[in-house]
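Some notes on the structure that comes next.
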Amino acid sequence: MTPFATARSVHLVARPHGAPTPGDFAIVEEELRVPGPGEITVRNVAMSVDPYMRGRMDDRKSYVPPFELNKPMDGGAVGEVIAVGPDVELPVGAMVLHGLGWRDHAVLPARSAQIIDTDLAPATAYLGVLGMTGLTAFGGLTESASFKEGDAVFVSGAAGAVGSLVGQLAKARGAARVIGSAGSAEKVRYLVDELGFDAAFNYKDGPIAEQLAQAAPDGIDVYFDNVGGEHLEAAIGTLNVGGRIAVCGAISQYNSTVPAVGPRNMWLVVASQLRIQGFLVRNFPHLKGQFAQEVGGYLKSGQVQYRETFVDGGVDSAVDALLQMMDGKNIGKMVVRF
Ligand SMILES: NC(=O)c1ccc[n+]([C@@H]2O[C@H](COP(=O)([O-])OP(=O)(O)OC[C@H]3O[C@@H](n4cnc5c(N)ncnc54)[C@H](OP(=O)(O)O)[C@@H]3O)[C@@H](O)[C@H]2O)c1
């Protein structure tokens with residue numbers, strides 16, 4: 001028996017044109033069923049809002065299916081097991097990471113939940129630095145960009161969840177120079193003064209190619225792309241011969257209603273013999289152990305720090321948190337607390 005009779009969840013009720021608006025979503029209260037054999041009931045304590053969720057609001061074929069209209073949305077969440085069905089070994093009271101965010105309570109198969117160690121790190125860290133975003137940064141930098149000691153690295157979206165870890169990992173692994181771009185003076189200060197980036201600039205302050213050339217007088221060897229468009233073009237123009245681009249995302253285009261700005265200097269890919277590698281975090285299951293050990297070690301030693309931007313209010317605040325994150329209001333991982 002679960003002690004809760006109803007659960008509240010966020011539904012997508014209209015597909016956004018351009019930036020999503022609150023009217024594209026509705027909060028719906030539904031009966032919470034009792035967990036069946038092999039199932040658990042989780043009371044969510046925090047959930048993630050991520051840029052890829054914007055793509056899932058569109059009805060188009062992609063690497064992850066679109067959100068269905070008038071059904072609860074889903075995504076990463078952490079919560080406490082409050083009830084278990086027959087044949088479940090997971091204890092009531094365990095904290096778990098699972099995929100049914102956007103709701104205050106969830107009933108799901110025990111096998112699709114992963115126990116998290118909250119003595120090692122707060123539960124919310126498993127949505128960010130120790131979770132999907134952390135592995136994205138680690139795999140993208142080490143494998144997709146083939147980072148090596150002595151590389152000069154440029155990362156866009158540098159004050160965000162993925163970007164802030166990419167820059168710090170590159171530093172910890174012996175980068176010659178780490179440069180970041182972000183969308184405010186406060187974020188630029190954070191990158192240089194707190195995270196130890198060698199240089200950073202506000203991409204809203206002027207042409208990105210000019211600002212990047214100034215920040216990287218000897219060029220760059222790796223570009224970790226979170227943004228696309230003008231950033232990508234600037235990086236192609238700055239990369240040294242044999243340079244590598246890991247394409248992680250293109251957030252400048254997710255809300256776009258007009259054709260995206262493409263890099264107009266693709267011929268330099270030939271001239272400078274560049275490699276462009278797109279990737280998905282799901283490409284890196286084999287790196288999970290190494291990632292947890294290495295990033296866990298850097299966190300302990302203080303070589304890597306992480307920030308979270310919290311929005312309180314659970315399902316009532318989740319849409320607002322997503323819109324704020326897309327608008328750059330977060331430093332580090334954007335997390336919704338219940
Ligand atoms: N390939 C994968 O498997 C994978 C997995 C996870 C994430 N990603 C991608 O990684 C990127 C970062 O994700 P995240 O979760 O770490 O998010 P995040 O960086 O923590 O948050 C998104 C940030 O994007 C920036 N942004 C928004 N609009 C922009 C624009 N027009 N131009 C430049 N920057 C803009 C904002 O910062 P500013 O204030 O700096 O503008 C905002 O804070 C996204 O592109 C995401 O899709 C890919």
Side-chain angles (χ1 to χ4, degrees), residues 18-20 47-58 62-64 75-76 124 127-129 131-141 143-145 154-169 180-191 195 197 200-205 208 211-212 223-235 245-258 260-261 276-285 287 291 306-311 321-336:
M47 59 164 264
S48 180
V49 286
D50 297 278
Y52 80 89
M53 293 170 175
R54 173 63 190 87
R56 295 190 66 195
M57 292 173 201
D58 295 333
S62 185
Y63 60 92
V64 54
T124 52
L127 298 173
V129 68
M132 186 273 280
T133 47
L135 184 62
T136 302
F138 186 81
L141 182 71
E143 203 163 280
S144 306
F154 170 46
V155 56
S156 53
V162 173
S164 57
L165 187 56
V166 168
Q168 294 182 86
L169 273 176
S181 70
S184 73
E186 183 197 359
K187 290 184 180 187
V188 167
R189 269 196 305 277
Y190 168 65
L191 294 173
L195 299 189
F197 279 52
F201 61 87
N202 179 350
Y203 66 87
K204 295 172 182 166
D205 278 352
I208 296 166
Q211 296 201 73
L212 179 57
Y223 172 47
F224 192 105
D225 190 14
N226 286 317
V227 169
E230 193 189 339
H231 270 91
L232 179 55
E233 182 173 291
I245 302 175
V247 183
C248 176
I251 196 163
S252 68
Q253 297 163 6
Y254 294 170
N255 282 330
S256 191
T257 52
V258 293
V261 179
I276 304 179
Q277 177 70 60
F279 69 90
L280 293 171
V281 62
R282 68 170 70 149
N283 299 146
F284 307 130
L287 295 180
F291 154 69
Y306 72 98
R307 262 214 215 172
E308 297 161 309
T309 300
F310 293 113
V311 172
L322 177 80
L323 302 185
Q324 284 193 46
M325 180 274 296
M326 296 294 293
D327 200 28
K329 298 292 188 290
N330 58 309
I331 291 188
K333 181 82 189 89
M334 185 64 114
V335 173
V336 180

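In what follows, every heavy atom counts, from backbone to side chain, and hydrogens, waters and symmetry copies are set aside. Both ligands and their constituent atoms are indexed starting at 1 by order of listing. One is the number of the first residue; the rest follow in order along the sequence.
No side-chain N or O of Ser252 forms a donor-acceptor pair with one of His231 less than 3.5 Å apart. Side-chain atoms of Thr309 and Lys329 include no donor-acceptor pair closer than 3.5 Å.
In the vicinity of Met132, heavy-atom distances shorter than 4.0 Å reach the ligand 1 atoms 5 (C), 6 (C). Near Ser252, meaning under 4.0 Å from one of its heavy atoms, ligand 1 places the atoms 30 (C), 31 (N), 32 (N). Residue Gly332 approaches ligand 1 through these ligand atoms, each under 4.0 Å from one of its heavy atoms: 20 (O). Close approach to Val227 involves these atoms of ligand 1, each under 4.0 Å from a residue heavy atom: 32 (N), 33 (C), 34 (N). Less than 4.0 angstrom separates some heavy atom of Ala182 from each of these atoms of ligand 1: 40 (O). Listed by number with element, the atoms of ligand 1 under 4.0 Å from a non-hydrogen atom of Gly249 are 45 (O). The distance from ligand 1 to the heavy atoms of Leu280 drops below 4.0 Å at these ligand atoms: 1 (N), 3 (O).
Shortest non-hydrogen contact noted between Ser164 and Leu195 is CB-CD1, 3.8 Å. The two residues Val162 and Cys248 come nearest to each other via the heavy atoms CG1-SG, 4.3 Å. Pairing each heavy atom of Gly229 with each of Gln253, the nearest pair is N-NE2, 3.3 Å. Contact detail for Ile208 and Ala234: the closest heavy-atom pair is CG2-CB, 3.7 Å.
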| message | One pair to check against side-chain contact (heavy atoms from CB on, under 4.5 Å): Phe197 and Val188. What are the steps and the verdict? | response | CA-CA 9 Å; Phe197 279 52; Val188 167; over 6 Å; no

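Both the backbone and the side chain of Val281 come within contact range of ligand 1, each with a heavy atom under 4.0 Å. With a 4.0 Å cut-off on non-hydrogen atoms, Ala250 touches ligand 1 through its backbone and not its side chain.
Annotation: Asn330 places an N or O atom under 3.5 Å from an N or O atom of ligand 1; distance criterion only. At a 3.5 angstrom cut-off on N or O pairs, Phe279 counts as close to ligand 1. Geometrically, ligand 1 and Gly163 share no nitrogen or oxygen pair separated by less than 3.5 Å. The shortest N or O to N or O distance between Gly183 and ligand 1 is below 3.5 Å. Considering backbone and side-chain atoms together, Lys187 places an N or O closer than 3.5 Å to an N or O of ligand 1.
Here the two rings, on Tyr52 and Tyr63, have centers that are 6.0 Å apart or farther.
In terms of modelled atom types and a separation under 3.5 Å, the side chain of Gln324 and the main chain of Asn330 share no donor-acceptor contact.
The protein heavy atom nearest to atom 20 (O) of ligand 1 is Ala161 N, 2.8 Å. With hydrogens left out, the protein atom closest to atom 15 (O) of ligand 1 is Pro51 CD, 3.3 Å, a heavy atom. Counting only heavy atoms of the protein, atom 16 (O) of ligand 1 lies nearest to Val162 N, 2.8 Å. Of the protein's non-hydrogen atoms, Met326 O, 3.2 Å is the one closest to atom 27 (C) of ligand 1. Protein heavy atom closest to atom 42 (C) of ligand 1, with residue, atom name and distance, is Met325 O, 3.2 Å. Looking at atom 4 (C) of ligand 1, its nearest protein heavy atom turns out to be Thr136 CG2, 3.7 Å. Nearest non-hydrogen protein atom to atom 45 (O) of ligand 1 is Asn226 O, 2.9 Å. For atom 25 (C) of ligand 1, the closest non-hydrogen atom on the protein side is Ile251 CG2, 4.1 Å.
The closest side-chain heavy-atom distance from Phe201 to Leu212 is below 4.5 Å. Side chains of Lys187 and Ile331 form a contact here, defined as non-hydrogen atoms less than 4.5 Å apart.
Expressed to the nearest 0.5 Å, how far OG1 of Thr124 lies from OH of Tyr306 amounts to 5.5 Å. With rounding to the nearest 0.5 angstrom, the CD atom of Glu143 is 5.0 Å from the CG atom of Leu287.
Taking the six-membered ring for Trp and thresholds of 30 and 60 degrees, Phe279 and Phe284 have ring planes inclined between 30 and 60 degrees apart.
Selection from Cys248, Ala137, Gly160, Gly140 by nearest heavy atom to atom 8 (N) of ligand 1 gives Cys248. Residue Tyr203 holds the heavy atom nearest to atom 29 (C) of ligand 1 of all those in Tyr203, Tyr52, Tyr63, Tyr254.
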